[in-house]
Amino acid sequence: MSIVIHHNPDCGTSRNVLAIIAASGETPTVIPYLETGWTQAQLLALFAAADLTPRQALRTTKSPAEELGLLNPDMDNEALLAAMLIYPILVNRPIVCSPKGVKLCRPSETVLDLLDRLPPGPLSKEDGTPLIDAKGHRLA
């Protein structure tokens, strides 16, 4: 299986999703999007595949969204997308692509739907919430 994760190493959820993917036996391609940035075509394709609008994908905390006026409900998708190209941190993360689909993996257990096999348990979220028990059964 080929998995791609658009990853922010400073984010606990993103690190946890990457760990879950690795624990499942996959070696994902890691895209450090804060370093590489985005293209408009790339974002439009990711959002379409994940069934997201730019507003739904907007990172509203720990980003310049508020100071840029992007939280204003009258801000249109084109303006949000343009800002995301300038400020890659505005895109919420992690976004994971696999043959099973594309998802914004918040909360982190969302990634389990994209894997061919579950990681062995026990496995917990970044906050300690159990995801998979010691017998390998999914809890979330």
Side-chain angles (χ1 to χ4, degrees):
M1 176 184 261
S2 175
I3 296 180
V4 175
I5 178 172
H6 297 272
H7 178 59
N8 177 352
D10 294 330
C11 169
T13 300
S14 196
R15 289 191 307 269
N16 196 51
V17 167
L18 183 58
I20 291 169
I21 294 168
S24 78
E26 296 291 334
T27 303
T29 299
V30 178
I31 308 289
Y33 71 90
L34 293 178
E35 295 172 21
T36 62
W38 303 104
T39 67
Q40 183 172 355
Q42 180 185 35
L43 282 180
L44 289 172
L46 285 171
F47 294 166
D51 196 27
L52 293 170
T53 65
R55 169 107 20 230
Q56 292 168 321
L58 180 65
R59 181 176 184 201
T60 58
T61 60
K62 298 180 184 175
S63 82
E66 185 173 9
E67 67 190 58
L68 293 171
L70 302 176
L71 302 184
N72 179 337
D74 294 331
M75 187 70 59
D76 64 22
N77 284 332
E78 291 76 23
L80 294 174
L81 189 63
M84 290 171 170
L85 297 175
I86 297 168
Y87 303 98
I89 193 71
L90 290 170
V91 179
N92 215 341
R93 74 278 170 245
I95 297 175
V96 177
C97 309
S98 88
K100 290 189 169 190
V102 176
K103 291 185 181 232
L104 172 60
C105 291
R106 294 188 80 77
S108 57
E109 62 267 22
T110 305
V111 75
L112 297 173
D113 297 329
L114 297 175
L115 302 175
D116 274 344
R117 63 187 167 276
L118 293 178
L123 186 69
S124 298
K125 287 177 58 161
E126 59 279 1
D127 67 1
T129 303
L131 294 177
I132 299 173
D133 68 17
K135 294 182 180 181
H137 299 109
R138 185 173 175 174
L139 302 171

[X]: side-chain hydrogen bond (donor to acceptor under 3.5 Å, both in side chains) partners, not counting sequence neighbours:
| X | answer |
| --- | --- |
| Thr129 | Asp127 |
| His7 | Ser14 |
| Lys103 | none |
| Asp113 | Arg138 |

Which pairs count as ring-ring contact (aromatic ring centres under 6.0 Å, His included) when at least one residue sits in residues 18-46, sequence neighbours excluded?
->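 Sorted result for residues 18-46: His6-Trp38, Tyr33-Trp38.
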
Single-linkage hydrophobic cluster Val96~Leu46, side-chain heavy atoms < 4.5 angstrom | no

State, to 0.1 Å, how close [X] and [Y] come at their nearest heavy-atom pair, and which atoms those are.
| X | Y | value |
| --- | --- | --- |
| Val17 | Ile5 | CG1-CD1, 3.8 Å |
| Ile95 | Phe47 | CD1-CE2, 4.4 Å |
| Pro99 | Ser2 | CD-O, 3.2 Å |
| Arg106 | Thr13 | NH1-CB, 3.3 Å |
| Asp51 | Gln56 | O-OE1, 3.7 Å |

Could you tell me whether the side chain of [Y] reaches within less than 4.5 Å of the side chain of [X], counting heavy atoms only?
| X | Y | value |
| --- | --- | --- |
| Thr29 | Ile3 | no |
| Leu52 | Leu104 | yes |
| Asp133 | Pro122 | no |
| Pro28 | Leu18 | yes |

Report the C-alpha separation of Leu131 and Ser124 in whole Å, then their side-chain angles, then the decisive distance to 0.1 Å, and conclude whether the side chain to side chain contact (heavy atoms under 4.5 Å, CB included) test is met.
-> CA-CA 5 Å; Leu131 294 177; Ser124 298; 5.7 Å; no

Holding to side-chain contact (heavy atoms from CB on, under 4.5 Å), I want the full list of residues that pass it with [X], two or more places apart in sequence or in another chain.
| X | answer |
| --- | --- |
| Thr61 | none |
| Asp10 | Asn8 |
| Lys62 | Arg59 |
| Leu123 | Ile20, Pro119, Ile132 |

Roughly how far, to the nearest 0.5 Å, is CZ of Arg117 from OG of Ser24?
->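 Here the rounded value is 6.0 Å.
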
To the nearest 0.5 Å, what is the distance between SG (Cys11) and CG (Asn16)?
->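 With rounding to 0.5 Å, SG (Cys11) is 9.5 Å from CG (Asn16).
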
Quick check: does any side chain N or O of Lys100 sit under 3.5 Å from a backbone N or O of Leu115, one acting as donor and the other as acceptor?
->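 Here the side-chain-to-backbone pair exists.
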
Residues clustering with Val4 (ILVMFWY side chains joined when closer than 4.5 Å, directly or via others) =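 Listed partners: Ile31.
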
Residues 65-93, side-chain donor-acceptor partners within the protein, below 3.5 Å, at least two apart:
from, atom 1, to, atom 2, distance (Å)
Asn72, OD1, Asp74, N, 2.7
Asp76, OD1, Glu78, N, 3.3
Asp76, OD1, Ala79, N, 2.8

Go through the structure and list residues passing salt bridge (charged side-chain N to carboxylate O under 4.0 Å, His left out) with Arg15, not counting sequence neighbours.
->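 Applying salt bridge (charged side-chain N to carboxylate O under 4.0 Å, His left out) to Arg15 gives none.
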
